[in-house]
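Structure, as structure tokens:
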Amino acid sequence: MMTNEAIQEGYPSDQFSIFSSQNSKIKYTYNKIREVKSHRVGELFSAYRDILWDDGRHKYNVSSFIGEIDEILLGERFSAFDQSTLDNLIGTLRQRGNSNATINRKMAALSKLLRKAYKMGDIHSLPEFRRQKERAGRIRFLERDEEARLFAAIRSRSEDAYRLSVFLVDSGCRLGEALGLIWNDIQEHRVSFWITKSGRSRTIPMTERVKEVIKLPPSEGRRPKGPFTTFSQAQYRAIWNEAKAEVGLAADDQVVPHILRHTCASRLVQGGIDIRRVQMWLGHQTLSMTMRYAHLATNDLDGCVVVLETPRCDQSASDAQNSVFASPVTAPSPLKAGRKQAGDAKMPAKVARKNSKAK
């Protein structure tokens, strides 16, 4: 049997198995021995959720994701999250009808949680997370008449909700970014977003109607902290859904408040704004996210139609020579042609001099 000194110095031995149990294992590195306990996914989330995620709707969604994952795993405890467990988890989510995009969001939350647990020594191995291939879906945005009808229905219910709607569609910001604005974020003709999904702040200019809707009507009492701080996401979504049903869009599941962000981006691209500037306006972390709207920039392709519709077979030979598409091999340059004609004109004079010398 090993002595206490041998155990303290961390000598590897088969006798370490006596320190293992169903819910704990022994892990030793170099000259240290430490116990790695087993945990449930839900327990890890409770320990690190406030560290990894800020309060808000995103944190609420992550909580739902982790809860579903813990339920699929049947509350199993683990000290190492192996690849087979991850593969079975993804397979179950797909069987439940989750799209690849949804699976990616849920796996991103799980990966972030497990990486933190690994750094803290709660687990001692991680699987390889591979992003599932997502299909490029159709992006729904509001036409001008749809916006007018929807906003009128919203305004009939709440003037504050109408002001928020106009701000969202003209700024392209996320709902949480608008609700988190304070008066110090609004300076002259610009508005700055500090609390963003990507963690990167951005500043954009305001349209004329945005300048109008951020002005609060005169009222008695204390001024709120920001132009939209009296609203919550739940309150706004309730008004949105009522107005959506009134104008006949209840069956369209893509008509959610986030459609106002898509609408802003689509109008910028259709108006000729380059993709890089649209990325800066929206605050996308990568350009690939903005490229979803690139197909709307069709103005740059109009010149292609002119080329395709030009009847080339009916062009005369003279037109072909004067065309910018004429080959330099088949179409001699005017300079060379002029030299050749000049040479032909001089030829009779040379022949005449030779004949005179011969006489």
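The shown structure was predicted, so the numbers you read here are calculated from the model rather than taken from an experiment.
Taking OG of S111 as the reference point, atom NZ of K116 lies at 14.0 Å (rounded to 0.5 Å).
Under the 6.0 Å distance and 45° angle rule, R157 does not count as a cation-pi partner of W240.
Hydrophobic clustering (side-chain heavy atoms under 4.5 Å, transitive across Ile, Leu, Val, Met, Phe, Trp, Tyr) keeps M289 apart from L260.
Around the CZ atom of R130, the shell of radius 6.0 Å holds no more than 12 heavy atoms that belong to other residues, nucleotides or ligands.
Residue pairs meeting the salt bridge (Lys or Arg N to Asp or Glu O under 4.0 Å) criterion with at least one partner in residues 286-296, sequence neighbours excluded, do not occur; the list is empty. Legend: salt bridge (Lys or Arg N to Asp or Glu O under 4.0 Å) pairs involving residues 83-110, not counting sequence neighbours, sorted by first then second residue: E68-R96, E68-K106, E71-R96. Applying the salt bridge (Lys or Arg N to Asp or Glu O under 4.0 Å) rule to pairs touching residues 269-281 yields D274-R277, sequence neighbours excluded.
Applying the ring pair (Phe, Tyr, Trp, His ring centres under 6.0 Å) rule to H189 yields no partners; only residues at least two apart in sequence or on another chain are considered. F78 is linked by a ring pair (Phe, Tyr, Trp, His ring centres under 6.0 Å) to F81, counting only residues two or more places apart in sequence or in another chain. Judged as a side chain to side chain contact (heavy atoms under 4.5 Å, CB included), and not counting sequence neighbours, the contacts of R155 are E159, Y162.
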| Full working for side chain to side chain donor-acceptor pair (under 3.5 Å) between T85 and D82 | CA-CA 6 Å; T85 301; D82 55 34; 2.5 Å; yes
| query | Passes side chain to side chain donor-acceptor pair (under 3.5 Å), S158 versus D160? Steps please. | reply | CA-CA 5 Å; S158 170; D160 289 336; 5.1 Å; no
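Ring orientation note: the planes of W53 and F45 are tilted relative to one another, at an angle of 30° to 60°.
Salt-bridge check for R209 with D170: passed, with a basic side-chain N closer than 4.0 Å to an acidic carboxylate O.
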